[in-house]
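Inspection log for the structure reproduced underneath, given as structure tokens.
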Amino acid sequence: MDLEELKKKALDAIKEAKDELDLTNIRNRFLSKKSEINQKLGGLKDLNEAERKTYGQAINEARGAITNAFNKKFQDLKAYNLNLKLKREKIDITLPGASHHLLGTNPIYLVENEIIHIFLGMGYSVYEGSDVETDHFNFELMNIPQDHPAREMQDTFYINNSLLLRTHTSPAQAHAMAEAHGGPVRIICPGKCFRRDDDDLIHSHQFKQIEGLLIDKKINLGNLEKTLETFVKKLFGEKREIRMRSSYFPFTEPSVEVDVSCDKCGGKGCPVCKGSGYLEILGAGIVNPRVLELNGYDPNEYSGFAFGIGLERVAILKYGVDDIRRFYTNDIRFLNEFKRR
């Protein structure tokens with residue numbers, strides 16, 4: 001087939017193409033490296049210089065004409081298909097739009113954001129850990145070895161022998177201490193915790209917690225008390241008072257339970273606080289020297305305090321929620337109660 005006949009055949013095929021697939025086949029047939037028109041270039045070596053120049057120019061012109069025709073046809077088909085799609089997907093703008101209802105924020109997040117804001121104002125930074133942790137970070141570095149009885153208090157979801165769903169946010173503290181390389185730390189660690197527990201009015205297998213940790217030189221129980229007193233007054237109001245009672249946690253020594261004065265009776269005693277005048281709110285204490293050693297600190301030089309707050313418990317106290325399970329049911333009526341907040 002001579003060059004002009006080949007060119008005409010290609011142009012006719014392009015003109016008759018119905019879709020992009022047809023064009024692709026035509027391009028492969030007439031413009032690919034193994035196409036007939038490119039094979040004609042191989043015959044140039046058998047021609048003299050004058051003939052080679054003339055024939056080479058003719059091949060390039062034929063290939064250019066086919067390429068231009070192909071590109072124009074491709075753009076025409078593309079525009080045609082776009083217009084067809086626009087007509088088929090035409091939107092009736094007279095139809096009413098979809099409505100979206102803005103619900104209230106879950107009170108757990110209201111409390112979490114408020115607590116974070118308070119401690120950021122006190123110079124703390126936020127350190128978030130992972131929901132899945134190793135036994136080493138969750139227990140060992142918190143002075144809870146394999147045979148420690150405190151593990152019985154934290155009925156744990158194990159993934160395998162070394163991985164688990166964290167039972168508290170304390171592993172985040174261990175990671176932060178490792179990153180501090182024996183230097184000062186001032187953080188709060190918000191996040192989810194998991195323990196196998198029977199769901200009832202006050203317990204859940206999943207709960208949210210914020211733990212705090214401050215490590216520096218010459219930190220004592222007075223620093224802890226003033227920090228928590230400032231926090232409680234900002235969260236619950238200036239009239240609220242705190243009470244610290246001796247307790248036990250393996251990662252702090254001494255350890256304390258911290259109560260807040262009852263807002264119903266002002267600390268005088270009522271059915272809500274069971275006559276004590278106070279409601280338990282969090283656990284805290286001075287960081288155990290053993291924990292400091294395990295995490296790379298010299299307990300003769302550094303000391304610190306730590307505390308842990310259950311967000312559901314705070315939300316229940318702050319907003320008068322009667323059942324912890326309401327936080328997780330996504331009941332629109334419940335969430336709408338907090339829209340104005």
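Worth knowing before you read on, the calculation uses all heavy atoms, side chains too, and leaves out hydrogens, waters and symmetry mates.
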Checklist entry - Within the side chain of H168, is there an N or O that forms a donor-acceptor pair under 3.5 Å with the backbone of N138? => result yes

Item to check | H136 side, atom NE2; L164 side, atom CG - distance, nearest 0.5 Å | outcome: 12.5 Å

Checklist entry - Looking at H175 versus F137, is the centre-to-centre ring distance below 6.0 Å? => result yes

Checklist entry - According to a 4.5 Å side-chain heavy-atom criterion applied to Ile, Leu, Val, Met, Phe, Trp and Tyr, with indirect links allowed, do L335 and Y319 form part of one hydrophobic cluster? => result yes

Checklist entry - Closest heavy-atom contact between E112 and P190? => result OE2-CB, 3.4 Å

Next on the checklist: Quick test of your reading of the model: are E20 and K78 salt-bridged, counting only N-O distances below 4.0 Å?
Outcome noted: no

Next on the checklist: Please report whether the ring centroid of Y297 lies less than 6.0 Å from that of Y302.
Outcome noted: yes

Checklist entry - Has I332 got more than 12 heavy atoms of other residues, nucleotides or ligands less than 6.0 Å from its CD1? => result no

Checklist entry - Can the ring centroids of F231 and Y124 be said to lie less than 6.0 angstrom from one another? => result no

Checklist entry - Partners of A17 by side chain to side chain contact (heavy atoms under 4.5 Å, CB included), sequence neighbours excluded? => result D22, L23, I26, K73

Next on the checklist: Distance check, rounded to the nearest 0.5 Å: I281 atom CD1 versus I316 atom CD1?
Outcome noted: 12.0 Å

Item to check | Test item: S261 and F236 side chains (from C-beta on) under 4.5 Å apart, heavy atoms | outcome: no

Next on the checklist: Is the shortest side-chain heavy-atom distance between K239 and K233 below 4.5 Å?
Outcome noted: no

Checklist entry - Is there a side-chain contact between V321 and F327, using heavy atoms and a 4.5 Å cut-off? => result yes

Next on the checklist: If we ignore hydrogens and angles and just use 3.5 Å, is the side chain of N81 paired with the main-chain N or O of L77 as donor and acceptor?
Outcome noted: yes

Checklist entry - When rounded to the nearest 0.5 angstrom, what is the spacing between CG in D331 and CD in E337? => result 10.0 Å

Item to check | Side chain to side chain, S247 and V256, heavy atoms closer than 4.5 Å | outcome: no

Item to check | Pair K217 + E301, salt bridge at N-O below 4.0 Å | outcome: yes

Item to check | Minimum heavy-atom distance L279-C273, with the two atoms named | outcome: CD2-CA, 3.7 Å

Item to check | Joint hydrophobic cluster, Y109 plus L235, side-chain heavy atoms closer than 4.5 Å | outcome: no

Item to check | Main-chain N/O of F194 paired with Q206 side-chain donor or acceptor, under 3.5 Å | outcome: no

Next on the checklist: Determine whether a donor-acceptor pair (N or O, by modelled atom type, separation under 3.5 Å) exists between the side chain of T167 and the backbone of T156.
Outcome noted: no

Checklist outcome for this item: In terms of heavy-atom contacts, V126 and I116 come closest through CG2-CG2, 3.8 Å

Item to check | Note, T169 side chain near I210 side chain (heavy atom, < 4.5 Å) | outcome: no

Item to check | Polar side-chain atom of S255 near backbone of Y248 as donor-acceptor pair, under 3.5 Å | outcome: no

Next on the checklist: Does N83, at its CG atom, have more than 12 non-hydrogen atoms belonging to other residues, nucleotides or ligands within less than 6.0 Å?
Outcome noted: yes

Checklist outcome for this item: Rounded to the nearest 0.5 Å, the CG atom of D216 sits from the CG atom of N223 at a distance of 9.5 Å

Item to check | Nearest-0.5 Å distance that lies between atom CG in N143 and atom CD in E293 | outcome: 9.5 Å

Checklist entry - Hey, what's the ring geometry for F74 with F70, parallel, tilted or perpendicular (30° and 60° as the breaks)? => result parallel

Checklist entry - Can R290 and F251 be said to form a side chain to side chain contact (heavy atoms under 4.5 Å, CB included), step by step? => result CA-CA 8 Å; R290 176 61 178 156; F251 30 82; over 6 Å; no

Next on the checklist: If we ignore hydrogens and angles and just use 3.5 Å, is the side chain of E133 paired with the main-chain N or O of P171 as donor and acceptor?
Outcome noted: no

Checklist entry - Are I144 and Y158 connected, step by step, through hydrophobic side chains (Ile, Leu, Val, Met, Phe, Trp, Tyr) whose heavy atoms are closer than 4.5 Å? => result yes

Checklist outcome for this item: Minimal heavy-atom distance between K7 and A65, with the atoms involved, is CE-CB, 3.8 Å

Next on the checklist: Evaluate K192 against L165 for side chain to side chain contact (heavy atoms under 4.5 Å, CB included), listing each step before the verdict.
Outcome noted: CA-CA 9 Å; K192 290 181 181 178; L165 297 180; over 6 Å; no

Next on the checklist: Minimum heavy-atom separation for P299 and P289, please, with both atom names.
Outcome noted: CB-CB, 3.8 Å

Checklist entry - Angle class for the F119/F307 ring planes (parallel below 30°, perpendicular above 60°, tilted otherwise)? => result parallel

Checklist entry - Backbone N or O of N68 within a donor-acceptor pair of the N71 side chain at under 3.5 Å? => result no

Checklist entry - Are K234 and E114 close enough, and set up right, to give a salt bridge (Lys or Arg N to Asp or Glu O under 4.0 Å), and what steps lead you there? => result CA-CA 9 Å; K234 287 183 177 293; E114 188 172 0; over 6 Å; no

Checklist entry - Do the non-hydrogen side-chain atoms of C193 and K208 ever get within less than 4.5 Å of each other? => result no

Checklist entry - Taking side chain as C-beta onward, heavy atoms only, is V260 less than 4.5 Å from E241? => result no

Checklist entry - Can a donor-acceptor pair be found between the side chains of N160 and S162 at a distance below 3.5 Å? => result yes

Item to check | Identified side-chain hydrogen bond (donor to acceptor under 3.5 Å, both in side chains) counterpart of R325 within the set D323, T329, D322 | outcome: D323

Checklist entry - Taking the side chain as C-beta and beyond, is there a heavy-atom pair between M177 and L213 under 4.5 Å? => result yes

Checklist entry - When rounded to the nearest 0.5 angstrom, what is the spacing between CG in N288 and CG in L294? => result 8.5 Å

Item to check | From CA spacing to verdict: side chain to side chain contact (heavy atoms under 4.5 Å, CB included), R166, D131 | outcome: CA-CA 6 Å; R166 65 180 178 184; D131 290 349; 3.7 Å; yes

Item to check | Donor on one side chain, acceptor on other, N106 and Y328, under 3.5 Å | outcome: no

Checklist outcome for this item: Heavy-atom nearest pair, L224 first then A284, reads CD2-CB, 3.9 Å

Checklist entry - Taking a hydrophobic cluster as the set of Ile, Leu, Val, Met, Phe, Trp and Tyr residues connected by side-chain heavy atoms closer than 4.5 Å, whether directly or through intermediates, do I159 and F157 fall within one such cluster? => result yes

Next on the checklist: Using modelled atom types and a 3.5 Å cut-off, is there a donor and acceptor pairing between side-chain atoms of D259 and backbone atoms of M244?
Outcome noted: no

Checklist entry - With the 4.5 Å side-chain cut-off for hydrophobic clustering, are I188 and L214 part of the same group? => result yes

Next on the checklist: For V287 and L292: C-alpha separation, side-chain torsions, deciding distance, then whether side chain to side chain contact (heavy atoms under 4.5 Å, CB included) applies.
Outcome noted: CA-CA 7 Å; V287 178; L292 291 175; 3.8 Å; yes

